[in-house]
Amino acid sequence: MLRFAPSPTGDMHIGDLRVALFNYIISKQRDEPLVVRIEDTDTQRNIEGKDKEILELLALFGIEYSDVIYQSNNLRYHRAMAISLLQDKKAFNCFCTPAELDRKRELAKANKIAFRYDDTCTHLRPEETIDNENPFTIRLNRPAKAIKVTDVIKGEMDFDPQDIDSLVIMSAEKLPTYDFACAVDDMLSDISIVIRGEEHMNNTPKQIAVRDALGYDKQTEYAHLPMILNDSGKEMSKQDDGSSVKWFLEEGYLPDAIANYLILIGNKVSHEIFTLAEALEWFDLAKISRSPARFDIDRLKSINREHLRRMEPKELSRYVGFADSDIGEVAKIYLEEAGTFKELRTKIEPIFAEKVIPEMFTEAADKLRVAINSAPFFEEFDAFNSYLIKETGLKGESFSRPLRLLLTGAEHGPELADLYIHLKNYLGEIVK
Ligand code: GLU
């Protein structure tokens, strides 16, 4: 079983979507189910409705899953496991107050050494730990030996017990800490491979320490995806404008193109344009580069353009807000200058809008309007063009510029002859 474990604390980030896509691909390739685990135990940070939004986005991208688990529903298991660790003396109650710990943390900082738990409560006698008055956390005993992590992308790493420290597994409120809940839930779901962002790399040995302490010996694989960098070479963060999946959709990028791009970056692939279904055939986690991937919006746009080009005209037409496939064909012509369907709309809507004609052309435009509206139907642009020249007596730029404005609403653009093939049936609507 695989899992995608988003926190419902904000908009889905492009990096989260990449993690979801990779989990989906591997689950399909291995024929193992994928569950979505909504990590909602940080109640302060949860945002109402974000869980539904995440699930809707997964559906939009064609990421199928077998179940949705809410982490908060596993609270009783987290508590039961913490108690069993206490009983087995693999965990202990810690009565150090936040103020004391802060003081020691400050001291460590002043001495320029990393703060580590100083074992104040590690060896308390049982009678000393029966305390009904003071709040206490539960800490896992510091592991006895180094924890080895084998990562499909990053290779092998050893983590020192000192760095894992005596991890708090239950807060004073008796709520599981993030690493504890995550480790227990992965165990409960019998996860075979954890695929997640590299920001969780340092959590992995802690989570393995929890599982070791609980006697869970299933070998779980790990794959930590290198981060995505923004234009300035920094980690693309949730604060970056244009880092949420919603933003890309609103900007007119297609789900297929976004998925294509996210699978492509930092990867070795034999061709640039593909669908998610195609990627299932050849995707290989081991080919993901260890170094961070840089987000390049121009490349995404060129991939988006290719996906738009491959789209059925009728579908493309719907994306730009029209019903007829002819408009999809017109949109395809405009792909020379537009890369998203939002940009396409800014090209196509003016064709049907009221035209603003500069004063120098108003007279010519009036003549043309009359001629176009009384013209017979012409199959070919050349014949249409010659007819208008003859009827209006206009020539050169005083003919061609107002004609383009009347037909397209813009001064520049693709060849009118190419557009005419698809617009000839709509002249009445266009030239009002
Ligand atoms: N909830 C974590 C996040 O949103 C993911 C945890 C995990 O995949 O283990 O980043």
Side-chain angles (χ1 to χ4, degrees), residues 1-27 32-47 49-55 57-58 61 63 65 67-75 77-78 147 149-154 157 159 164 167 169 175-211 216 218 220-228 235-240 243-246 262 285 288 292:
M1 174 112 63
L2 284 86
R3 68 2 168 240
F4 170 55
S7 307
T9 52
D11 285 343
M12 194 194 220
H13 181 252
I14 205 84
D16 300 329
L17 177 62
R18 184 158 173 248
V19 169
L21 284 164
F22 284 22
N23 271 293
Y24 169 71
I25 295 174
I26 303 299
S27 85
E32 287 182 43
L34 169 67
V35 290
V36 176
R37 183 170 73 227
I38 305 285
E39 301 209 317
D40 60 346
T41 37
D42 189 350
T43 48
Q44 301 283 311
R45 293 181 57 228
N46 287 346
I47 299 176
K50 286 293 165 200
D51 54 337
K52 299 279 176 309
E53 208 174 279
I54 292 167
L55 298 177
L57 285 174
L58 294 180
F61 281 83
I63 299 174
Y65 47 86
D67 208 357
V68 181
I69 296 169
Y70 283 82
Q71 188 162 56
S72 53
N73 287 342
N74 282 348
L75 220 56
Y77 298 116
H78 305 140
I147 301 259
V149 178
T150 310
D151 188 280
V152 178
I153 298 168
K154 297 182 177 294
M157 272 158 284
F159 289 83
I164 296 162
L167 187 72
I169 56 172
L175 289 172
T177 55
Y178 166 70
D179 283 311
F180 187 57
C182 188
V184 169
D185 293 347
D186 284 345
M187 265 173 53
L188 292 175
S189 297
D190 197 25
I191 298 301
S192 55
I193 173 164
V194 170
I195 304 173
R196 59 184 168 197
E198 148 173 274
E199 66 277 16
H200 291 288
M201 189 69 236
N202 287 331
N203 297 333
T204 301
K206 298 180 194 166
Q207 295 173 13
I208 293 177
V210 169
R211 298 155 57 135
Y216 186 75
K218 180 182 174 113
T220 306
E221 286 180 89
Y222 288 89
H224 289 90
L225 305 184
M227 60 178 115
I228 304 179
E235 183 183 358
M236 204 160 161
S237 78
K238 302 209 188 222
Q239 277 72 43
D240 267 327
S243 70
S244 78
V245 177
K246 222 169 26 180
L262 290 177
L285 257 187
I288 299 295

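In what follows, every heavy atom counts, from backbone to side chain, and hydrogens, waters and symmetry copies are set aside. Indexing begins at 1, ligand by ligand and atom by atom, following the structure's order.
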Whether the D179 and Q207 side chains hold a donor-acceptor pair (N or O, under 3.5 Å, no angle test) is what I'd like checked.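 Yes - a donor-acceptor pair under 3.5 Å links their side chains.
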Is it true that a side-chain atom of N23 and a backbone atom of I195 form a donor plus acceptor pair closer than 3.5 Å?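 Present.
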For L262, does its backbone N or O pair with a side-chain atom of R18 as donor and acceptor, under 3.5 Å?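 At least one qualifying donor-acceptor pair exists.
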Minimum heavy-atom distance P8-K50, with the two atoms named: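 Closest heavy-atom pair between P8 and K50: O-CB, 3.6 Å.
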Which heavy atom of H13 sits nearest to which heavy atom of V245, and what is that distance?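 That would be O-CG2, 3.7 Å.
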May I ask you to list the atoms of ligand 1 that are less than 4.0 angstrom from any heavy atom of [X]?
X	answer
C182	9 (O)
R3	7 (C), 8 (O), 9 (O)
H200	2 (C), 3 (C), 5 (C), 6 (C), 10 (O)
Y178	5 (C), 6 (C), 7 (C), 9 (O)

Tell me if the OH atom of Y77 is crowded by more than 12 foreign heavy atoms within 6.0 Å.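 Atom OH in Y77 is not packed in, count stays at 12 or less.
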Name the option, out of P6, A181, A5, that contains the heavy atom nearest to atom 5 (C) of ligand 1.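 That would be A5.
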Close approach of F4 to ligand 1, heavy atoms, under 4.0 angstrom: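 No.
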Any N/O of D16 closer than 3.5 Å to an N/O of ligand 1?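 In fact, backbone or side chain, D16 has no N or O that close.
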